[in-house]
Asks: 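The following block contains the structure, expressed as structure tokens.
For the single chain, residues carry numbers from 1 onward in sequence order. One-based numbering, in listed order, for ligands and for the atoms of each. Side-chain atoms are counted along with the backbone in the values below, which use heavy atoms only and exclude waters and symmetry mates. Please read all numbers here as calculations on a predicted model, not as lab measurements.
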Amino acid sequence: MKILVTGGTGFIGSHTVVELQEKGFEVVIADDLSNSFIEVVDNIEKITGVKPIFEKVDLSIAEETRKLFEKHKDIFGVIHFAASKAVGESVNKPLLYYRNNINSLINVLEQMQEHDIKNFVFSSSCTVYGQPDKLPVSENAPLKKALSPYGNTKKICEDIIDDVAAASEINAIKLRYFNPIGAHESALIGEYPQGIPNNLIPYLTQTAAGIREFLSIYGNDYNTPDGTGIRDYIHVVDLAKAHVIAIERMINNKCLSKTEIFNIGTGVGYSVLDIVKSFEKVNEIKINYKIVSRRAGDIEKVWADTAYANDELGWKAERTLDDMMRSAWNWETKLRIEN
Ligand code: UD1
């Protein structure tokens, strides 16, 4: 059964391709390589023994998207990751984010309708909840005004998917990810941040590798036990597996409605200092850090209510924080040896 994975050479996409292939799915990757590398395709083959089909496509261009679907008429389902995702950049270049993220979605859904492809899994984010009023946050929580154009594209895309599913044969599962980190245990795939990393883990591993002088911890005056921000960090391999389960749910006609939403997190929140301590303990490396002022747009704390995903989707995160820290460091070390 053929699955189209857009953004399949990216961080979460590449791990999902591995899990799909290991379950016997045939995968077509569509990616414009704007934030990833073609070598990822060979590395996926090294892990799974199978080379996924790769198509270089800019999905924000309708004609390119049309050609992709014309070439692959036998697609069963689409997992749509392809999107720009740097929060800070989106504030400075909102139109880039609206054009890329929203046009891609529209083009893909249009072609799915055109070719009678009914199954769609969307890469959403807990960013749609903003700072929730109640923690852990469940799928029924009200959505808050987005703090960045990036976050807003996720909200807008979710709305578009609801409308299209209601008006067509398309079924959708929207997965709201919490904070995906770590890397495949082979250290053959992982996250390639471009330039200075914005996210905590790549900055931390680059500090450990001596590329950055110190990690800035953005605020220790939050209303949390140690004052630093709390997030629900999830191992990218656990997250990838949730996509395979979502596709299998569609194959087995288990969806309860035309669009379903699941939180994909561990249900446990860790502070920035917890992360630093876990990294130091597992990898036996001391991290230089400084407490600096809060980062604009950051929320204080969020972690997932995972009961619905656990019970209804039949998925549960299995990897520990230590697994995440170990694999993130293995990946960083391997990158440094190779480059
Ligand atoms: C952000 C986005 C999220 C997106 C994710 C991945 C928002 C509100 N969140 O998550 O939607 O999916 O990026 O791109 O838009 N921190 C430091 N020092 C650093 C970096 C981070 O202390 O150098 C802290 C942050 O203040 C935060 C935590 O570490 O408390 C996690 O930050 P980060 O990894 O950037 O992810 P989010 O901002 O949670």
Asks: Out of R295, K290, Q131, whose heavy atom sits nearest atom 35 (O) of ligand 1?
Replies: R295
Asks: Check whether more than 12 heavy atoms from other residues, nucleotides or ligands sit under 6.0 Å from atom CD1 of I196, and answer yes or no.
Replies: no
Asks: Counting only heavy atoms closer than 4.0 Å, does ligand 1 sit against the backbone of I201, its side chain, both, or neither?
Replies: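 It is neither; nothing of I201 touches ligand 1.
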Asks: Going by distance only, is there an N or O of R231 that falls short of 3.5 Å from an N or O of ligand 1?
Replies: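 By distance alone, the answer is yes.
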Asks: Using heavy-atom distances only, which candidate in Y129, Y203, Y218 approaches atom 16 (N) of ligand 1 most closely?
Replies: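 Nearest heavy atom to atom 16 (N) of ligand 1 lies in Y218.
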Asks: With the threshold set at 4.0 Å, does a side-chain nitrogen-carboxylate oxygen contact exist between K281 and D322?
Replies: yes
Asks: Can you sort out which atoms of ligand 1 are near L215, meaning under 4.0 Å from one of its heavy atoms?
Replies: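 In order of numbering, the contacting atoms are 23 (O).
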Asks: For ligand 1, which atoms, with element, lie under 4.0 Å from some heavy atom of V272?
Replies: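 Heavy-atom distances to V272 below 4.0 Å select 22 (O), 24 (C), 29 (O), 30 (O).
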Asks: Can you list the ligand 1 atoms lying under 4.0 Å from a non-hydrogen atom of S216?
Replies: 17 (C), 18 (N), 19 (C), 22 (O), 23 (O)
Asks: Around atom CD of E64, are there more than 12 heavy atoms from other residues, nucleotides or ligands closer than 6.0 Å?
Replies: yes
Asks: Show the atoms of ligand 1 that are less than 4.0 angstrom away from any heavy atom in N179.
Replies: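 Numbered from 1, ligand 1 contributes 10 (O), 36 (O), 37 (P), 39 (O).
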Asks: Should the heavy atoms of other residues, nucleotides or ligands under 6.0 Å from NZ of K301 be counted, would the total exceed 12?
Replies: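 Counting neighbours around NZ of K301, more than 12 heavy atoms of other residues, nucleotides or ligands fall under 6.0 Å, so yes.
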Asks: Taking a cutoff of less than 4.0 Å between a non-hydrogen atom of the residue and any ligand atom, is S125 in contact with ligand 1?
Replies: yes
Asks: With heavy atoms of K85 as the reference, note each atom of ligand 1 found under 4.0 Å away.
Replies: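 That gives atoms 14 (O) of ligand 1.
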Asks: Pick, from N199, T207, D298, N198, the option with the minimum heavy-atom distance to atom 33 (P) of ligand 1.
Replies: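 Checking each option, the heavy atom nearest atom 33 (P) of ligand 1 is found in N199.
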Asks: Does any part of the side chain of V41, heavy atoms only, come nearer than 4.5 Å to the side chain of T9, both counted from C-beta?
Replies: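 Sidechains of V41 and T9: in contact.
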Asks: Kindly say whether the aromatic ring centers of F37 and Y192 come within a distance under 6.0 Å.
Replies: yes
Asks: Just checking E284: does its CD atom have more than 12 heavy atoms from other residues, nucleotides or ligands closer to it than 6.0 angstrom?
Replies: no
Asks: Taking ring-ring contact (aromatic ring centres under 6.0 Å, His included) as the cut-off, I'd like each qualifying pair that reaches into residues 284-311, sequence neighbours left out, listed once.
Replies: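 Output for this query lists F262-Y308.
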Asks: Return yes when I299 approaches ligand 1 closer than 4.0 angstrom through a heavy atom, no otherwise.
Replies: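 Contact check I299 vs ligand 1: negative.
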Asks: Y150: heavy atom below 4.0 Å from ligand 1, yes or no?
Replies: yes
Asks: Only heavy atoms of T127, strictly under 4.0 Å: list the atoms of ligand 1 that pass.
Replies: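 This gives 7 (C), 8 (C), 11 (O), 15 (O) as the contact atoms.
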Asks: Can you check whether L200 has an N/O within less than 3.5 Å of an N/O in ligand 1?
Replies: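 Between L200 and ligand 1, an N or O pair is found under 3.5 Å apart.
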Asks: Kindly state whether the ring of Y177 and the ring of H243 have centres lying under 6.0 angstrom apart.
Replies: yes
Asks: Which protein heavy atom lies closest to atom 2 (C) of ligand 1, and at what distance to 0.1 Å?
Replies: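 Heavy-atom neighbour on the protein nearest atom 2 (C) of ligand 1: V87 CG2, 3.7 Å.
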Asks: If you count every heavy atom of other residues, nucleotides or ligands that lies below 6.0 Å from E213 atom CD, does the total exceed 12?
Replies: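 Count not over threshold, so no.
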Asks: Within the structure, is a non-hydrogen atom of Y233 found at a distance of less than 4.0 Å from ligand 1?
Replies: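 Y233 counts as a contact of ligand 1 under the 4.0 Å cut-off.
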Asks: Check contact between I217 and ligand 1, using heavy atoms of the residue and a distance below 4.0 angstrom.
Replies: yes
Asks: Quick one: do D238 and K316 make a salt bridge, cutoff under 4.0 Å?
Replies: no
